[in-house]
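Here is how names work: the chains are called A, B, and so on, in the same order as the sequence lines, proteins then strands, and each is numbered from 1.
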Amino acid sequence: MKASKLIFATQREDPSDAEIVSHKLMIRAGLTRQVSSGIYNWLPTGKKVLHKVENIIREEMNNAGAQEILMPMVQPISLWEESGRRNQYGPELLIFQDRHENDFCLGPTHEEVITDLCKNILTSYKQLPVTLYQIQTKFRDEIRPRFGVMRSREFVMKDAYSFDLNQDGLDLTYDNIREAYLKIFNRFGLDYRLVKADSGAIGGSDSEEFHVLADSGEDLLAFSDKSDYAINAELLVELQEDQDPTSLEGKDSPDGKGKLKLKRGIEAGHIFKLGTKYSESFNLKIQGDKENITPYMGCYGIGASRIVAAAIEQNHDEKGIIWPISLSPYEVVIVEANPKSKEDIKAKCEDIYNLLVSNGVDVLWEDTDKRPGVKFADMELIGIPVMIIIGDKALKNNQLELKTRKDEKPIMVSHEDLLNTLKELN
RNA sequence: CGGGGCAUAGCGCAGCCUGGUAGCGCACCUGCUUUGGGAGCAGGUGGUCGCAGGUUCAAAUCCUGCUGCCCCGACCA
């Protein structure tokens, strides 16, 4: 991609209505723009990041044997009456009527639709176990949306639903998806923790959350300093009937090993064992070898758009975003340091650009005639991990100047060593 | 929903108190000079001043009502 063709609209000043750093930086770097409270446009650079998040999720879900589907955003309210959740969900469910005066809602989650669907498509116990997932826009009419796409009303989520013959099968499937989640979060390149959680409005028994660690996180997490024990502090407060989550710091860990330590996290993933709650309320029965089976369900969510904000919350400095390479809108940017004047610099850029493109590197070529300082500042704001600077210096020594986003010091490499050096930096 | 704040160009803001028909910085466009860390000069584009009423010869400015957005709280995958 050439910067001269890219709409990336960076801004020098913080937007006045943004509070947390990820929100400010997403606006300034031209990733998103607000349409209405809790509703956002995703611009080309932001969409590219979101796409990388989605693709990592997609690949690992597919590797885990899950199958991708797409369910509708608009759902008939009758399904929510059938599950009994119409009233439980309350005003967060945005309800409206079509021209025939039938009630519909914008889907905040899809247990109802998937269970209803499976009554159609699951006809034999031989089809189980099966896990279906989608990556799709959800809508929850939050009381107070805030912090940009971190807590928005409309957001992109991957939600998966599993169906098993019995509890043992569900346990196996749950562990399998849990493993896939560990791979997904590892590939994101973020510092995260897995904690025990409350299953909340979705219902069910066991539940764990994946949290991206960040001081600005809305959730407080409690960890044992001597064991793997980790829990959402709010749940622990509930279990122990404590008053205040912060009072947990330094107390004995409930598993009897070590003391509790607290950290803040952003909830980015949540996995549940639902059991038969929805299969029962929808009367989903599958023909077994002798008798009919009410399947055991699990559901598994990842907030794809929230991951983008969480990644920034965890990885930024005073200059801007510092993407982990796997989420960066571009892996490498070529900065043309002397625009206009020197034809040989442009030719060199084109050489390198073609080399990288043909080797599958996702590269941006900053070919505009902006002054070098502006280009450096923009690219650092957007947070591209590796910059290749091509100007007089590079031409004179027939070497390329590489600078990583994290490191101030440039590295000089030869044309031939470029690909290997980039691999090492990953 | 309770409490607080804001609404003037794409972004950040001034003007409002004391009414006279809109301005600054950034961005954007043109030209010239510049070019390794957010350039300079000159010229230019862009605004029914959130909406609707009212007062007045005259309203961004005063009055009334409404809407939207932000922050704190309750709530929340």
Side-chain angles (χ1 to χ4, degrees), chain A residues 7-20 23-24 27-30 33-41 43 85 88-93 107-111 138-148 150-160 197-204 207-211 218-219 232 234 265-272 274 299-307 310 319-320 335-342 345 366 368-381 387-396 401 403 408 410:
Chain A
I7 301 291
F8 64 93
T10 56
Q11 283 175 192
R12 207 178 291 196
E13 286 172 283
D14 281 337
S16 65
D17 58 2
E19 198 69 12
I20 60 170
H23 188 193
K24 290 179 184 172
I27 304 288
R28 285 190 51 208
R33 285 294 135 89
Q34 178 167 318
V35 176
S36 183
S37 182
I39 300 176
Y40 289 84
N41 285 315
L43 309 189
R85 282 209 298 183
Q88 188 192 345
Y89 230 89
E92 222 174 282
L93 200 59
T109 177
H110 281 67
E111 282 81 9
K138 299 275 186 274
F139 192 94
R140 296 183 187 172
D141 200 359
E142 291 276 344
I143 295 172
R144 186 153 86 85
R146 62 188 113 170
F147 305 147
M150 188 74 83
R151 177 173 291 293
S152 52
R153 294 193 290 174
E154 189 174 301
F155 58 101
V156 178
M157 181 174 177
K158 186 284 301 177
D159 48 325
D198 187 3
S199 47
I202 302 285
S207 145
E208 290 169 290
E209 291 168 345
F210 289 73
H211 283 263
E218 291 192 83
D219 285 300
N232 189 312
E234 212 156 292
I266 298 162
E267 184 189 350
H270 202 158
I271 55 180
F272 301 84
L274 294 172
C299 79
Y300 318 89
I302 294 179
S305 42
R306 183 179 281 184
I307 290 286
K319 290 177 178 172
V335 174
E336 201 175 314
N338 286 5
K340 277 187 181 174
S341 52
K342 313 241 169 68
I345 285 174
E366 224 306 4
T368 65
D369 57 4
K370 289 177 188 159
R371 296 170 66 86
V374 177
K375 293 185 179 185
F376 295 143
D378 270 352
M379 293 306 115
E380 283 159 350
L381 172 62
M387 210 187 271
I388 300 172
I389 304 162
I390 298 179
D392 284 333
K393 277 192 214 167
L395 281 190
K396 211 175 289 170
E401 183 181 355
K403 212 186 244 185
E408 281 294 305

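Across all strands shown, A/Q34 has heavy atoms under 4.0 Å from sugar-phosphate atoms exclusively, and none from any base. Using a 4.0 Å heavy-atom distance criterion, A/K403 is classed as a base contact. As judged by a 4.0 angstrom heavy-atom cut-off over every strand, A/G391 is placed among the base-contacting residues. Here A/I27 lies out of heavy-atom contact (under 4.0 Å) with every strand. Across all strands shown, A/E380 has heavy atoms under 4.0 Å from base atoms, whether or not it also approaches the sugar-phosphate.
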Protein N or O to nucleotides 41-43 of chain B N or O, pairs below 3.5 Å:
none

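Taking the side chain of A/A377 as heavy atoms from C-beta on, and the options B/C71, B/C11, B/G38, the nearest nucleotide is B/G38. With B/C72, B/G36, B/A39 as the choices, the nucleotide that has an atom nearest any side-chain atom of A/P372 turns out to be B/G36. With B/C72, B/G36, B/G38 as the choices, the nucleotide that has an atom nearest any side-chain atom of A/K393 turns out to be B/G36.
One interatomic measurement links the two molecules: CZ of A/R28 to P of B/A27, which rounds to 13 Å at whole-angstrom precision. Atoms CG (A/D369) and C1' (B/G38) sit 15 Å apart, rounded to a whole Å. In this structure, the CD atom of A/E13 is 16 Å from the P atom of B/C24, given to the nearest Å.
Distance check, rounded to the nearest 0.5 Å: CD of A/E154 to CD1 of A/I39 gives 6.0 Å. Here the straight-line distance linking atom CG of A/D159 with atom NE2 of A/H270 works out to 13.5 Å at 0.5 Å rounding.
OP1 or OP2 of B/C72 lies within a sub-4.0 Å distance of a side-chain N or O belonging to A/R144. Between A/R12 and B/A27 there is a side-chain N or O to OP1 or OP2 distance below 4.0 Å. A sub-4.0 Å separation between OP1 or OP2 of B/G68 and a side-chain N or O of A/S36 is absent. The phosphate of B/A39 has OP1 or OP2 within less than 4.0 Å of a side-chain N or O from A/R371. Remark: A/S37 is in phosphate contact with B/C70, judged by side-chain N or O atoms under 4.0 Å from OP1 or OP2.
Looking at A/E209 and A/S207, their side chains never bring a donor and an acceptor atom within 3.5 Å of each other. Checked by atom type, the side-chain pair A/T109/A/E111 shows a donor-acceptor distance below 3.5 Å.
Checked for salt-bridge contact, A/R151 and A/E218 meet the test: a charged N lies under 4.0 Å from a carboxylate O. At a threshold of 4.0 Å, the pair A/K396-A/E401 does not count as salt-bridged, since none of the basic side-chain nitrogens sits closer than that to a carboxylate oxygen.
Across the strands present, B/G53 finds its partner in B/C63; the criterion is a Watson-Crick or G-U wobble pair with both atom distances under 3.5 angstrom.
Heavy-atom neighbours of A/Q11 CD from other residues, nucleotides or ligands within 6.0 Å: above the threshold of 12.
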